[in-house]
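Please read these numbers as outputs of a predicted model, since none were measured by experiment.
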Amino acid sequence: MIPVGALADIPIGEAIRVEADVPIAVFRVAAEDSDGADSTVYAIDDTCTHQKASLADGWLDGCMVECPLHSACFDLRTGLPDGPPAKVPVRTHRVVVVDGMVYLQVPTAVPATIDSVPEEEVA
């Protein structure tokens, strides 16, 4: 597991970038139907599959993050883009919070990139 840091150090509605083999964006999102005191932490690959921008620098709206470069949006829960310009999802990562500390479980396999996806899957 990769240690991220203290949960209290990630403000609700914000993201941090974690340097790993592949950079990862960790988001703390207000839980639905809460007064803002409850939150959920999500992690996705940090790099937009459309144009390589940092998603941690994007804009968060609920469980969606908008890429700061060309407005591609990704669902933090699934990694799926909601439409063009991004066509390829980002990987999601399991987040574990233990005693107020955030950890990531990251697979060892290299992720697929837009360059490694067959053309018929991208279209």
Side-chain angles (χ1 to χ4, degrees):
M1 285 203 288
I2 297 174
V4 174
L7 180 63
D9 291 341
I10 307 171
I12 293 175
E14 298 292 328
I16 60 170
R17 180 181 168 112
V18 175
E19 295 298 333
D21 290 338
V22 174
I24 298 171
V26 178
F27 298 85
R28 187 172 179 198
V29 178
E32 291 183 37
D33 301 325
S34 80
D35 59 4
D38 296 325
S39 64
T40 304
V41 181
Y42 297 99
I44 60 174
D45 282 353
D46 184 50
T47 306
C48 177
T49 57
H50 171 246
Q51 285 273 316
K52 311 292 188 228
S54 170
L55 295 173
D57 292 336
W59 296 276
L60 195 57
D61 183 14
C63 287
M64 300 295 288
V65 62
E66 180 180 324
C67 175
L69 194 56
H70 292 115
S71 302
C73 292
F74 296 89
D75 189 317
L76 299 177
R77 299 163 293 190
T78 64
L80 294 172
D82 73 346
K87 297 178 182 177
V88 177
V90 292
R91 289 186 309 168
T92 60
H93 302 283
R94 185 164 181 246
V95 179
V96 178
V97 180
V98 178
D99 295 329
M101 297 299 292
V102 179
Y103 300 91
L104 297 174
Q105 286 187 335
V106 180
T108 56
V110 176
T113 64
I114 190 73
D115 301 325
S116 67
V117 175
E119 186 64 33
E120 61 273 6
E121 290 183 32
V122 174

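Counting heavy atoms from C-beta on, the side chains of Leu104 and Val95 come closer than 4.5 Å. Counting only heavy atoms from C-beta outward, the side chains of Pro81 and Cys73 never approach each other to under 4.5 Å. Put simply, the side chain of Arg17 reaches to within 4.5 Å of the side chain of Ser54, judged on heavy atoms. Residues Ile16 and Asp9 are not in side-chain contact: their nearest non-hydrogen atoms beyond the backbone lie 4.5 Å or more apart. At least one side-chain heavy atom of Leu60 sits less than 4.5 Å from a side-chain heavy atom of Val29.
Counting all heavy atoms, side chain and backbone alike, Pro68 lies closest to Trp59 at CA-CZ3, 3.1 Å. Between Gly79 and Thr92, the shortest heavy-atom contact is N-CG2, 3.4 Å. Looking at every heavy atom in both residues, Leu76 comes nearest to Gly62 through CD1-O, 4.5 Å. Across all non-hydrogen atoms, the minimal contact from Ile24 to Ala43 is CG2-CB, 3.9 Å.
Of the inter-residue distances, the one linking Ile2 atom CD1 with Glu19 atom CD reads 10.5 Å to the nearest 0.5 angstrom. Distance check, rounded to the nearest 0.5 Å: NE2 of His93 to CD1 of Ile44 gives 8.5 Å. Distance check: Cys48 SG to Phe74 CZ gives 4.0 Å after rounding to the nearest 0.5 Å.
Judged by distance alone, the side chain of Asp75 and the main-chain N or O of Met64 form no donor-acceptor pair under 3.5 Å. No side-chain donor-acceptor contact under 3.5 Å links Ser39 to the backbone of Ile12. A side-chain donor-acceptor contact under 3.5 Å links Arg28 to the backbone of Leu7.
Met1 and Val98 fall within a single hydrophobic cluster, where Ile, Leu, Val, Met, Phe, Trp and Tyr side chains are chained together by heavy-atom contacts under 4.5 Å. Connection of Phe27 to Val90 is established within a shared hydrophobic cluster, with ILVMFWY side chains joined at heavy-atom distances below 4.5 Å, either directly or through further cluster members.
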Query - Val4/Ile10 under side-chain contact (heavy atoms from CB on, under 4.5 Å): CA gap, chis, key distance, verdict - result: CA-CA 10 Å; Val4 174; Ile10 307 171; 4.3 Å; yes

Query raised in the report: Going through the distances and angles, do Thr47 and Val22 end up as a side-chain contact (heavy atoms from CB on, under 4.5 Å)?
Result: CA-CA 8 Å; Thr47 306; Val22 174; 5.6 Å; no

Query raised in the report: Taking it one step at a time, do Asp46 and Leu55 satisfy side-chain contact (heavy atoms from CB on, under 4.5 Å)?
Result: CA-CA 5 Å; Asp46 184 50; Leu55 295 173; 4.1 Å; yes

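Contacts classified as side chain to side chain donor-acceptor pair (under 3.5 Å) and involving residues 94-105 (residues at least two apart or in different chains) are given here: Arg94-Gln105.
Within 6.0 Å of the CG atom in Asp61, the count of heavy atoms belonging to other residues, nucleotides or ligands does not exceed 12.
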